[in-house]
Structure formats: C-alpha cells, structure tokens
2 protein chains.
Amino acid sequence: MTVGAIRPGGRTARVRAAVLRAAADALVEHGFDRLDLADVARRAEVGKTTVYRRWGTVAGLVADLLADMAEQSSPRADTGSLIEDLRANARLVQRTLVDPRQGALFRAVIVAATCDSRAAEALHRFYAARIAEWTPCVEQAVQRAELPAGTDAAEVIRAVSAPLYYRLLMSGDPLDEAAASRAAEGAAAAARAGVYTPANGRN
Amino acid sequence: MTVGAIRPGGRTARVRAAVLRAAADALVEHGFDRLDLADVARRAEVGKTTVYRRWGTVAGLVADLLADMAEQSSPRADTGSLIEDLRANARLVQRTLVDPRQGALFRAVIVAATCDSRAAEALHRFYAARIAEWTPCVEQAVQRAELPAGTDAAEVIRAVSAPLYYRLLMSGDPLDEAAASRAAEGAAAAARAGVYTPANGRN
DNA sequence: CCGTTAACGGCACCCGAGTTCCTTTAAGCT
DNA sequence: AGCTTAAAGGAACTCGGGTGCCGTTAACGG
C-alpha cells in the first residue's frame with residue numbers, strides 16, 4: 001500500500017455514519033451543552049477513543065454533522081407564483097423547526113456555531129446552500145415582473161426564514177402556520193416595495 | 001430576629017452585583033459553553049461555594065443576569081415618522097449586536113435559553129419588555145393612518161429585529177447599517193401592506 | 001492472496017468542575 | 001448594644017469527562 005494513503009472506505013465510513021447518527025440522537029435528547037462524547041460512542045457502539053481522536057470536541061462533531069446535513073437539500077417549490085413559492089418555503093422551515101427531532105437538532109447546531117468557528121463556518125455553508133436552492137423562485141418572479149429588477153433574491157429568502165427563527169430562539173411565540181404565512185407575505189410585500197434592490201437607499 | 005426572614009440587604013446584594021458583573025465578563029471572554037462558576041467566583045472575589053449555592057448552574061446564573069438586564073430598558077424613539085422610528089430601533093439593535101461586549105453577551109444568553117427553561121423564560125420576558133417599549137411607535141403610526149387599523153404592533157417590532165438576529169446567529173452575513181436600514185424598511189413595507197392585521201388571511 | 005499500516009478498541013490514568021461539611025461573618029430584629 | 005441565624009467563606013473530597021498508551025482489526029495496493 002502507498003505510504004500515507006487515506007482510507008475513507010468500509011469501516012471508517014460505517015463508523016462515521018454510526019457516530020453522526022448517535023450524535024444527532026444524543027443532541028435531540030440532551031441538547032448541546034449536556035452532550036458527552038463517551039455517551040455518543042456508547043450509542044454508536046464505537047470506541048470512546050475513536051470519537052475523541054476523529055472529532056475531538058463536541059463542537060467539532062456537530063460541525064461534521066452539519067456538513068453531512070448540508071448534503072441533503074430538499075427541492076424548492078415551483079408553483080409559478082412568488083407568494084405561493086415563498087409560502088411553501090416558510091411552511092417547510094416552520095415544519096422543520098417545530099418537528100421535535102429536527103427542531104432540537106437545529107437549536108443544538110446553532111448553539112454549536114456560537115461556540116466554535118468550524119461549526120459556525122459549517123452552519124453558514126449550510127444556509128448558503130439552502131438559500132441557493134430557493135433563490136430561483138425569486139429570480140423567476142423578477143422575470144415575470146412580479147418584483148422590481150435587481151431584487152436581491154437571497155435577501156428575500158432570508159427574510160422569509162428570519163421571523164421563524166426569531167420565534168424559535170428569541171421570543172418563544174408560537175411557531176404555527178399562521179406565523180409561516182405572515183413570514184412569506186411580509187417578505188413578498190417588502191420585495192415588491194423594492195426594499196431588496198441595491199438601488200434602494202442607504203439614505 | 002424573626003425566624004425564616006430573608007436578608008437581601010447589604011452584603012448579599014453586594015455579592016449578587018459582583019457575581020453578575022463577573023459572570024458577564026466571563027461570558028464575553030469565554031462564551032456560554034466554557035463558563036466555569038469557580039472562575040466567576042474568583043473574578044467576583046467571592047467564595048466558590050456561594051456561587052454554587054445561590055445559582056447552582058451556569059444556566060441559572062445567566063437567567064438571573066438576564067433578569068437584571070431586563071430592568072435597564074433604553075427609551076424608544078419618537079420622531080413622528082414610522083420609518084424613522086423603526087430605523088432608530090433597527091440601528092439600536094444592530095449596534096448592540098455588533099458591540100463586542102453586548103453582542104457576545106446576547107449570543108451567550110440566547111444559547112443559555114436553549115439549554116435551560118428558566119433562562120428561556122427570562123429571555124422571553126426580556127424581549128417582551130423590549131418590544132413593549134417600542135410598540136407605541138407603531139400604534140402612533142396607526143393613529144396617523146400610516147398603517148392599517150388593527151395592525152399587530154408587537155409583530156412589526158419583531159419583524160424589525162428578526163433579520164438582524166438571523167444574521168448574527170445563522171447566516172453570518174455582515175451586520176451593518178445597511179442591513180439595519182433594510183430591516184426597518186422591510187417591516188414598514190409589510191405592515192403597510194396589511195400583513196400584520198388579524199384580518200389578513202390564513203388563506 | 002498477502003503485507004503494510006491507517007484506523008479502531010480497550011484499559012488505566014489524570015485532573016478539575018462540582019459537592020460536602022464545617023466555620024466565620026454580618027444582616028436584621030428587639 | 002446584643003442576640004440570633006441567614007448567608008458567605010474555606011478546604012477537603014468525589015467522580016466522571018477527557019487523555020495516553022498500546023494491542024488489534026481490516027482497508028487498500030500489489
């Protein structure tokens with residue numbers, strides 16, 4: 001065998017998959033702060049040493065988990081109407097955050113990002129990918145002249161998610177379908193008013 | 001002395017103040033996850049036992065710190081124009097979050113809320129108080145007929161903050177004055193469009 | 001199929017956060 | 001001023017998360 005070769009196949013991949021799944025389970029159950037790598041190793045039926053060697057810290061493990069999550073992107077909607085597309089996006093986000101497992105996972109992952117720069121980077125990449133998936137909805141709306149030319153598509157998508165995350169983390173207000181609807185409508189109204197065009201003012 | 005009397009005066013109050021200040025310092029330096037109560041005690045020049053007895057956990061200490069922060073509310077703007085009031089609010093939030101000390105403190109406190117129910121409750125009360133301070137801006141705009149009757153004032157204020165917190169925690173995009181401006185304009189545009197009136201549809 | 005070695009696994013050790021127990025200080029009442 | 005006792009302080013102890021060491025397994029190349 002060539003000296004210094006990496007071995008991502010077979011066992012290593014199996015271990016990684018088992019550990020990441022166990023980590024997600026543990027995060028959902030205990031949350032980020034009470035996560036014990038030894039416990040993760042036990043759940044994954046993997047040596048404690050292995051987890052410490054490959055991931056080192058809780059934040060490092062979460063960062064890898066995020067990279068894994070980023071690879072599975074859910075397809076965007078394409079209803080032919082901006083407001084319907086945005087509503088679909090808002091409901092997808094809302095349902096994800098409300099889901100006990102997914103919601104807890106997202107909270108944990110966001111927490112990790114505030115503690116560790118690698119996790120933060122992974123999180124930013126994750127959202128960049130998610131947003132890129134949905135920007136075509138906005139770009140098509142611009143072409144249909146539903147929105148002013150030069151509208152920043154990514155900013156519109158972010159504006160849909162922001163109020164939902166605000167409810168999840170800060171205000172604690174109910175995260176229901178009505179909230180999702182309002183988030184979509186708010187972003188659409190702001191976009192139509194030209195808030196997200198570069199021409200719009202620093203004034 | 002009466003049996004069972006509580007003693008909030010003198011020394012106890014001094015200890016509480018010193019510990020809360022030390023806790024804030026430590027949170028800014030290390031962040032929530034690497035916070036050590038023994039370190040807080042050392043900074044506050046207070047017995048380690050005292051900190052453990054009165055606050056017990058990191059999250060409990062942060063919850064108390066938040067209760068303390070909630071008491072100092074900064075006065076709202078009153079420019080006579082909705083968009084200017086909202087812009088003032090957005091810039092206040094933006095500057096707070098960008099400030100190295102305040103920003104780190106907010107991040108830590110939000111993290112604590114995801115880990116501990118007392119901290120979460122304290123955070124919700126904190127934001128409820130901050131929002132209540134600013135809702136009159138929106139109510140006055142309704143009276144001036146800048147906004148439709150029945151507009152949910154709190155929802156408008158939340159809509160201003162949400163994109164800024166989204167940048168702070170999730171996307172990692174720059175949190176500059178332009179972002180603050182857009183947040184204020186977006187909330188105003190959505191409010192004018194009637195997105196935050198109860199009449200507006202679940203449809 | 002075989003040799004090399006990257007990667008995993010188990011065990012013993014260490015260290016410091018958190019607890020316990022007791023002593024000392026001073027807040028608050030008379 | 002004096003007494004009572006809440007509350008703080010100090011020091012010793014525990015115990016489990018994290019580390020180091022070394023033997024074992026199995027991926028990859030020939």
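In what follows, chains are A, B, ... by sequence order, proteins preceding strands, each numbered from 1.
The interatomic distance linking W55(A) (CH2) with dA7(C) (P) rounds to 12 Å, in whole Å. Regarding E45(A), its CD atom lies at a distance of 16 Å from the P atom of dC8(C), rounded to whole Å. Put simply, CZ on R11(A) is 5 Å from C1' on dC8(C), counting in whole angstrom units. The distance from atom CG of D33(B) to atom P of dG17(D) is 17 Å, rounded to the nearest whole Å. Regarding D36(A), its CG atom lies at a distance of 6 Å from the C1' atom of dG17(D), rounded to whole Å. For the pair R42(A) CZ and dG9(C) C1', the computed distance is 15 Å after rounding to whole Å. Atom CZ in R34(A) sits about 14 Å away from atom C1' in dG18(C), given to the nearest Å.
Note on R54(B): a side-chain N or O is less than 4.0 Å away from OP1 or OP2 of dA8(D). At least one side-chain nitrogen or oxygen of T50(B) sits closer than 4.0 Å to the OP1 or OP2 atom of dG9(D). For the pair Y52(A) and dT19(D), the criterion of a side-chain N or O lying under 4.0 Å from OP1 or OP2 is not met. Contact check, R14(A) against dA27(D): a side-chain N or O comes under 4.0 Å of OP1 or OP2.
Between Y165(B) and Y127(B), the two ring planes are perpendicular [angle over 60°; tilted spans 30° to 60°].
Applying side chain to side chain contact (heavy atoms under 4.5 Å, CB included) to T96(B) and the options D99(B), V98(B), V93(B), L92(B) leaves one that passes, L92(B). For the salt bridge (charged side-chain N to carboxylate O under 4.0 Å, His left out) test with D64(A), the passing option among R54(A), R118(A), R16(A) is R16(A); the others fail.
With rounding to the nearest 0.5 angstrom, the OG1 atom of T151(A) is 11.0 Å from the CD atom of E146(A).
Comparing T49(B) and V58(B) by the nucleotide of DNA chain C that holds the closest heavy atom to each, the one mapping nearer the 5' end is V58(B). Residues K48(A) and R53(A) both approach DNA chain D. Their nearest nucleotides, taken by heavy-atom distance, put K48(A) toward the 5′ side.
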